[in-house]
Amino acid sequence: PTPPYLKWAESLHSLLDDQDGIQLFRTFLRQEDCADMLDFWFACSGFRKLESHEGNEEKKVKLAKAIYKKYILDNSGVVSRQIKPATKSFIKDCIGKLHVDPAMFEQAQTEIQTLMEENSYPLFLTSDVYLEHT
Amino acid sequence: IDSEDDLLQECISSAMPKKK
């Protein structure tokens, strides 16, 4: 069988599909001061999952606000700095109108994912954290 | 603040893959 660490090198998706891979990637991102990108990515996925359930509107609004406050509101945050102004405005509008749309974080998640795929992920695969693990 | 953090943490955990 293929060892997990080789699977992690196949794609970002393979890495994020494995608990140990996530943990190691987080260790690396912490060193780079950008672990929030990973948490934001998972928060967006979790939000979408919640969205697919009926009801619970109050919880959805509360969660959308919490995600916005923690990762997007502060322009100096590592996530906020990477998200396009138009995307941030869109999310802010949704929150302001208390209109929690299933797609409200999708664009922001895609932007962060692209950045991880093009930047953090390749760096991770050549990092000491990963190489020592292998 | 605490409950917001808890909610966020719960949300992040819900999106993580389950232990294989």
Side-chain angles (χ1 to χ4, degrees), chain A residues 1-4 7-8 12-26 29 35-53 56-73 77 79 95 100 102 104-106 109 112-113, chain B:
Chain A
T2 318
K7 276 223 147 295
W8 303 344
L12 179 65
H13 186 80
S14 313
L15 177 68
L16 298 185
D17 198 35
D18 185 276
Q19 276 196 344
D20 296 331
I22 294 165
Q23 206 180 340
L24 201 68
F25 191 39
R26 175 171 282 125
L29 291 174
D36 270 3
M37 294 206 311
L38 189 63
D39 289 336
F40 176 72
W41 191 88
F42 278 113
C44 293
S45 297
F47 181 77
R48 200 167 38 241
K49 271 191 181 176
L50 191 69
E51 271 296 335
S52 63
H53 297 299
N56 233 344
E57 285 308 315
E58 201 182 327
K59 190 176 179 181
K60 288 175 194 170
V61 172
K62 210 173 165 186
L63 181 60
K65 280 184 179 172
I67 295 174
Y68 178 72
K69 246 170 87 177
K70 172 134 181 145
Y71 300 107
I72 299 169
L73 184 61
V79 172
I95 305 254
V100 284
M104 68 182 283
F105 290 111
E106 246 165 57
Q109 185 183 26
I112 291 297
Q113 183 178 313
Chain B
I1 298 287
D2 267 358
S3 69
E4 251 183 27
D5 269 354
D6 289 347
L7 195 64
L8 201 54
Q9 212 48 57
E10 182 193 314
C11 170
I12 291 171
S13 304
S14 77
M16 297 260 182
K18 302 284 170 278
K19 196 86 184 163
K20 279 163 200 160

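Protein chains get the first letters and strands the later ones, always in sequence-line order, with residue 1 at the start of each.
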Please classify the contact between [X] and chain B as side chain, backbone, both or neither, with a heavy-atom cut-off of under 4.5 Å.
X: A:Ile67; value: both
X: A:Lys65; value: neither
X: A:Leu16; value: backbone

Got a second to check how far [X]'s [atom1] is from [Y]'s [atom2], nearest 0.5 Å?
X: B:Cys11; Y: A:Arg48; atom1: SG; atom2: CZ; value: 10.5 Å
X: B:Met16; Y: A:Gln23; atom1: CE; atom2: CD; value: 9.5 Å
X: B:Leu8; Y: A:Tyr71; atom1: CG; atom2: OH; value: 4.5 Å

Residues two or more places apart in sequence or in another chain: which of them pass salt bridge (Lys or Arg N to Asp or Glu O under 4.0 Å) with A:Asp39?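 For A:Asp39 the salt bridge (Lys or Arg N to Asp or Glu O under 4.0 Å) partners, ignoring immediate neighbours, are A:Arg26.
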If you look at every heavy atom in [X] and [Y], which pair is closest and at what distance?
X: B:Pro17; Y: A:Asp18; result: CG-N, 3.9 Å
X: B:Ser14; Y: A:Gly46; result: OG-CA, 3.7 Å
X: B:Ser3; Y: A:Lys62; result: OG-NZ, 3.5 Å

Counting C-beta onward and ignoring hydrogens, is there a side-chain heavy-atom pair between B:Ile12 and A:Ser45 closer than 4.5 Å?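 No; the side chains remain at least 4.5 Å from each other.
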In terms of heavy-atom proximity below 4.5 Å to chain A, should B:Gln9 be classed as side chain, backbone, both, or neither?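 For B:Gln9, there is no contact with chain A at all, as no heavy atom is under 4.5 Å.
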If the threshold is 4.0 Å, N to carboxylate O, is there a salt bridge linking A:Lys69 and B:Glu4?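 A salt bridge is present here (some side-chain N lies under 4.0 Å from a carboxylate O).
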May I ask you to decide if B:Lys18's main-chain N or O and A:Gln19's side chain share a donor-acceptor pair within less than 3.5 Å?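 No; judged by distance alone, with no hydrogens or angles, the pair does not exist.
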